[in-house]
Every structure is written in C-alpha cells, then in structure tokens.
Amino acid sequence: MWKCLEMNMNLQMKKYILALITLSVFNFSNAQETITFPNQSTVITTGVPFMLIAPDARSAGMGDMGVATSVDAYAQQWNAAKYTFSEAKSGIAVSYTPYLSKLVNDISIAYLTYFNRIDDRSSFGFSFKYFGLGEIEIRPDEFSEPLIEKPNEFTVDASYSLRLADQFAMSVALRYLRSDLRIQAVDANAQAAGSFGVDISGYYQSEEEAYNSFNGRTRFGFAIQNLGPKIKYDDGGRENFLPTNLRIGGGFDFIFDDYNKLAVTAEITKLLVPTPPLFGFVDRNGDGEQTPDDTSTPDVDESEPTIITGGQSNDVSFLSGIFQSFGDAPGGFSEELKEFTWALGAEYLYQDSFAFRAGYFNESEEKGARKFFALGAGFKYTTINIDLSYLFSASKVQSPLENTLRFSLTFNFGDGEYDEY
C-alpha cells in the first residue's frame, strides 16, 4: 500500500494539489472550538461546487446568469422550461472552459447538451457535465514507477418541460452526480461518492408589445436546483450538502427594428444550504479573551467540546436545511441578505447573427467575495452558433476563471420550425 507522497514533489504536482484543495470543499472533521467575535460572518460551503459553474460562454459573458435569459441550447443548466419556447426543433451543443489556467493546463469543465421539442407544448433535454482535474503523479519513493491518478467529477441529467399556458412553462429535471476525488494510492479505502438531485423551474415570456419607439417583450424565470440528499465519501466521513440553490430573474427585450435588439436581464441567487454556526465561548465582557466567566452559555454543559455561540446547528437533513437556510445566519437578517448574489447582464443582437454581451456578478465580501465583469460575443452562421466569453475579476480574491477564454458551439436543427417571436 502506498504510504506517502514523494517529498520531492515538483512544482507542477504542487499546483495540482493546490487545485484539489481549492476545488474540493470537504469537511472531514468535526468543528473545532474557536473564539468568536461580534458581527463575524461565515462562508457557506458545499460538496461538488463545480455544479454551480457556468459551463457555456453565452451565460458567462453576461455575468453567469441564465434563468431568465432567452432560450438557447444550454437552458438545461439554468432553466429547462425555456426549451418549450425554442424556435428550433432540436439542438446539440458543446462547450469547454479551462479552469485555473494560470497554474495548470489540464483542468477544465466540458459540457454536452441536447434538447428536442416534442410538439408545441412540450420538450425534453439531456446533458453531461464533466470536471477533470488533470493528472496527479504519485510516487511512494524515488525508485518506484509513478502512479497516475485522474480525479474527476461529473453529472448526467434529463429534463421534461411542459407549457402550461401560451406564455408560461415549467420543467422538472433529474440529475445523477458522481465525485471521484479521493486518491486510492493515498487511502486504500477511498471510494467515489454519488448522489442525485432534482431541478424545478419555470419560465414566462410575454407577447411582443408595441411602445412609442420600439417593441418590447418581458421575461421572467425561477429555478430551484440540486434538491437532493447529502453526499458522503465513506461511512466514517462527514456528509456534505449539495449546492442546492434558488435562482430568480427577470428581463426585458428592446426590439428596435428587424435588425437591432437589446436584451437586459437581472438575476439573484441564494444557496439553500444552512449557514455554518459559530463555535466557541460566549464573550460576556467583550474583551475578546476567554476568562472563567466565559466558559459556556448557561444552558449548555461546560463539558461539551464545542459550543454554538451564533446561528443554528447545520447537522440537519437536506430538506430541513432548505427551510433553515432562510433564517440561521449568526448575524441575523443583515447577514442573510449578504448570502444573496446578484448579476446584471445585457446582450445586443444584430440581424440575429452577431451578438455582443456584457455582465457583472457580485457576492458579498464576507460570503466569498466573488466579483467580476464579463464580456462575450456570439456569431451565427446558418444553423451553427459560436460563442466566446472572457472574465475580469473585480475582487481582491482572484477568480479561478480570471483571464480565461470560454468557448461554446451549438448546432440547431429545424431552425424556424416554431414561431415563438
């Protein structure tokens, strides 16, 4: 059995390990006793966080949004109900996103999706998302042949969408996920972890209406994503919540003429996962130091190794965690508001053949500090769509996708078979 990693790791392997630590959010041990201070905020972590990364260049170019944007082949990731508003009969799309490209060149996210409109009122879709963390070279000693490990995660899902009214549709998607990040060469008992999740979403798109100098159309969408049991790697390991989240968005299309259109969209997102509580002693005199008077709360046994001094216990089921997530932040309502992220995006279309996109994404500095601007462009030739996007970080915390070019390719079949616009 392999007993250790080679002490003399080269720089490349160190970067791989850094990537694993950065991307794999696990809690393998119980919470430790810590000193807590007033107004301290906590960051929510989940298992398999790659599921939240925008896989396609169009959504990425508008600030990682897609629940209320106009329909495209990548709706499976954001809101599958949009498929029932597609003018194309069917479509297939692929995308590629390099990850941590400043450190390594073989970590990436690949995405493949397919959709088909069954008739005027229903549609279905499939997708496959793969997160490859490259190769890790492991040696027990300097004389042994290296063992190559390829940790990865992936999801497979299927959706069905039904139009409940002329302008409104809903969908249900079932997803299987698998995470294989444990390295058997280091831990002989390591196993891949698996779970499943469900998405429930809805999409509204109004008829085109005439205004003074332009026509317009309203869009609205919502989605509850990744509803499912926790993920665990072994019997002795700690369970991790899936990245269950709520997305709500709305937008408006300015249709100036047959050649020029401008779509603006706004979206908010919240993780439906309990906020980790604060552990430690109760600082009754406010001096920031533990004294004999600060041992514990009056209603907690002082022999307990950890004391919750803020928030609620997150040792609950995933269903209870969804409801708890709206009111368990240690800092109260003000901290709950900080757990919402928001994004603004715009897309200019010329002759439905060329698109220019821009967006901004914002997350509280106390809840992850993701802030970035994005630019994107799209080109359409007959039935082929090509989309590109680029991200500029606006945060002190560097984004793994900073200065990364994303690429997406879509093939639409039976384009124009349905008249929706």
If we ignore hydrogens and angles and just use 3.5 Å, is the side chain of [X] paired with the main-chain N or O of [Y] as donor and acceptor?
X	Y	value
Asn226	Pro243	yes
Arg406	Thr97	no
Ser325	Ile322	yes
Asp387	Asn385	no
Lys371	Glu363	yes
Lys82	Gly66	yes
Asn79	Val67	yes
Ser395	Ala369	yes
Arg357	Leu375	no
Thr84	Ala81	yes

Decide yes or no for [X] and [Y]: does some side-chain heavy atom of the first lie under 4.5 Å from some side-chain heavy atom of the second?
X	Y	value
Ser108	Tyr99	no
Tyr130	Asn152	yes
Gln167	Glu207	yes
Phe241	Val316	yes
Ile231	Val48	yes
Tyr111	Ser127	yes
Tyr96	Pro55	no
Leu349	Leu262	no

For the atom pair [atom1] ([X]) and [atom2] ([Y]), what is the distance rounded to the nearest 0.5 Å?
X	Y	atom1	atom2	result
Asp180	Phe154	CG	CZ	9.0 Å
Phe220	Thr218	CZ	OG1	12.0 Å
Tyr74	Ser408	OH	OG	4.0 Å
Ser171	Tyr160	OG	OH	11.0 Å
Leu164	Tyr204	CG	OH	14.0 Å
Thr410	Ile384	OG1	CD1	10.0 Å

Mark yes when over 12 heavy atoms from residues, nucleotides or ligands other than [X] sit less than 6.0 Å from its [atom1]; otherwise mark no.
X	atom1	value
Tyr360	OH	yes
Phe323	CZ	no
Asp315	CG	no

- Worked check of side chain to side chain donor-acceptor pair (under 3.5 Å) between Ser179 and Glu153: CA-CA 4 Å; Ser179 179; Glu153 297 177 311; 2.6 Å; yes
For the residue pair [X] and [Y], what are the closest heavy atoms and their distance?
X	Y	result
Ile107	Leu100	CD1-CD1, 4.4 Å
Thr275	Pro330	CG2-CD, 3.7 Å
Gln225	Trp78	NE2-O, 3.4 Å
Ala60	Ala374	O-CB, 3.1 Å
Gly125	Tyr83	CA-CE1, 4.4 Å
Ala57	Ser389	O-CB, 3.3 Å

So does [X] pair up with [Y], basic N to acidic O under 4.0 Å?
X	Y	value
Asp199	Arg175	yes
Lys338	Glu365	no
Glu347	Arg58	yes

Between [X] and [Y], do the side chains contain an N or O donor and an N or O acceptor separated by less than 3.5 Å?
X	Y	value
Thr265	Thr69	no
Asp157	Gln76	yes
Asn412	Thr383	no

- Taking the six-membered ring where the residue is Trp, are the ring centres of Phe252 and Phe254 under 6.0 Å apart? yes
- Item | Pair Trp342 and Phe361, ring centroids less than 6.0 Å apart | no
Using the salt bridge (Lys or Arg N to Asp or Glu O under 4.0 Å) criterion, which residues pair with [X]? Sequence neighbours excluded.
X	value
Asp352	Lys261
Lys270	Glu336, Glu339
Arg247	Glu267

- Please list, chain by chain and in numerical order, all residues satisfying ring pair (Phe, Tyr, Trp, His ring centres under 6.0 Å) with Tyr114, sequence neighbours excluded. none
- Item | Set of residues satisfying ring pair (Phe, Tyr, Trp, His ring centres under 6.0 Å) with respect to Phe124, sequence neighbours excluded | Phe126
- Is the Lys NZ or Arg CZ of Lys89 less than 6.0 Å from the centre of Phe413's six-membered ring, within 45° of the axis? no
- Can Arg219 be said to sit on top of Phe85's aromatic six-ring, NZ or CZ under 6.0 Å from centre and within 45° of the ring axis? no
- Might you work through the side-chain contact (heavy atoms from CB on, under 4.5 Å) test for Leu391 and Thr404, ending with a clear yes or no? CA-CA 6 Å; Leu391 182 148; Thr404 297; 5.9 Å; no
- Task: List the steps, then state whether side-chain contact (heavy atoms from CB on, under 4.5 Å) holds for Ile109 with Lys129.
- Result: CA-CA 7 Å; Ile109 297 175; Lys129 190 176 185 180; 4.0 Å; yes
- Message: Restricting to side chain to side chain donor-acceptor pair (under 3.5 Å), what partner residues turn up for Ser161, sequence neighbours left out?
- Response: none
- Message: Would Asp64 and Phe372 count as a side-chain contact (heavy atoms from CB on, under 4.5 Å) here? Give the steps.
- Response: CA-CA 10 Å; Asp64 280 18; Phe372 57 83; 3.8 Å; yes
- Message: Determine whether Phe50 and Thr155 satisfy the following criterion, side-chain contact (heavy atoms from CB on, under 4.5 Å), listing intermediate values before the conclusion.
- Response: CA-CA 10 Å; Phe50 88 102; Thr155 62; 3.8 Å; yes
- Query: Taking the six-membered ring for Trp, are Phe392 and Tyr390 parallel (under 30°), tilted (30 to 60°) or perpendicular (over 60°)?
  - Reply: perpendicular
